[in-house]
Amino acid sequence: KNEVEQSPQNLTAQEGEFITINCSYSVGISALHWLQQHPGGGIVSLFMLSSGKKKHGRLIATINIQEKHSSLHITASHPRDSAVYICANAGKSTFGDGTTLTVKP
Amino acid sequence: EAEVAQSPRYKITEKSQAVAFWCDPISGHATLYWYRQILGQGPELLVQFQDESVVDDSQLPKDRFSAERLKGVDSTLKIQPAELGDSAMYLCASSFRGLQETQYFGPGTRLLVL
């Protein structure tokens, strides 16, 4: 069983919708990493967080250490947000299997 | 903007052959990671270097895989002999000091073993 679990596995949304991707982990962590992977394979770091909430543009990441849960939110989604979103236990470098997001115009 | 460089971008090889991948991390980054990503799954850590020393290679199949970072800068990952199941994306990442810091990923090397 993967230490880092993501849901949903696949997500399709219409442009403009609010999107939530969830990440749960089974072991304690000191920091959680949210990453974005585009179809060509390139991975970009979105957030590293250890508590509370972080916001960058239309992206918001939250983490609840006690509940071992984190969420990534995208407001006013756009087709260019289509990608695989991956969360990772930054302290152990273990990754979830990713959530494939498709935003339709 | 500084980037992690990897080469080659694509590699096709026959099983039982040897294959090598190269990674040049962002200048000044002490920590370098090699990951393997099978299609549809998240990256799996193969080896982590801190400068020239291996910090974690617990998931590296040492009977066929080897990695080195002799001068603590660029790194090479080798597979010998390659097997069909090794077909995957091999990703290199670097961070300034360690796991608690943001990792910057290279474009990856997509390996196909025939």
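When reading the values below, keep in mind they use all heavy atoms of this one structure, side chains included, and skip hydrogens, waters and symmetry mates. The sequence lines fix the lettering, A, B, ..., with proteins before strands; numbering per chain opens at 1.
Q59(B) has its side chain out of reach of T94(A): every pair of non-hydrogen atoms, C-beta onward, lies at least 4.5 Å apart. Using a 4.5 Å heavy-atom cutoff, the side chains of Y33(B) and S93(A) are in contact.
The number of heavy-atom neighbours closer than 6.0 Å to CZ of F96(B), taken from other residues, nucleotides and ligands shown, is 12 or below. By the neighbour-count criterion of 12 heavy atoms within 6.0 Å, atom CD1 of I12(B) is sparsely surrounded, having that number or fewer from other residues, nucleotides or ligands. Shown here is E67(A), whose CD atom has no more than 12 heavy atoms of other residues, nucleotides or ligands within 6.0 Å. Annotation: K71(B), atom NZ; neighbour count of heavy atoms from other residues, nucleotides and ligands within 6.0 Å does not exceed 12. Other residues, nucleotides and ligands contribute only 12 or fewer heavy atoms inside 6.0 Å of the CD atom of Q9(A).
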- request: Would you please test Q103(B) and M48(A) for side-chain contact (heavy atoms from CB on, under 4.5 Å) and show each step?
  value: CA-CA 9 Å; Q103(B) 295 183 29; M48(A) 178 88 80; 5.8 Å; no
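Contacts of I43(A) with chain B are made by both backbone and side-chain atoms, with heavy-atom separations under 4.5 Å. For Q37(A), the part sitting under 4.5 Å from any heavy atom of chain B is the side chain, from C-beta outward, and nothing else.
When each of P43(B), G108(B), P107(B) is scored by its heavy-atom pairs under 4.5 Å with chain A, the top score falls to P43(B).
Put simply, F65(B) and L32(B) are part of the same group of oily side chains (I, L, V, M, F, W, Y) that touch within less than 4.5 Å, one to the next.
The CD1 atom of I38(B) lies 10.0 Å from the CG atom of D97(A); values are rounded to the nearest 0.5 Å. Distance check, rounded to the nearest 0.5 Å: CD of Q41(B) to CZ of F95(A) gives 13.0 Å.
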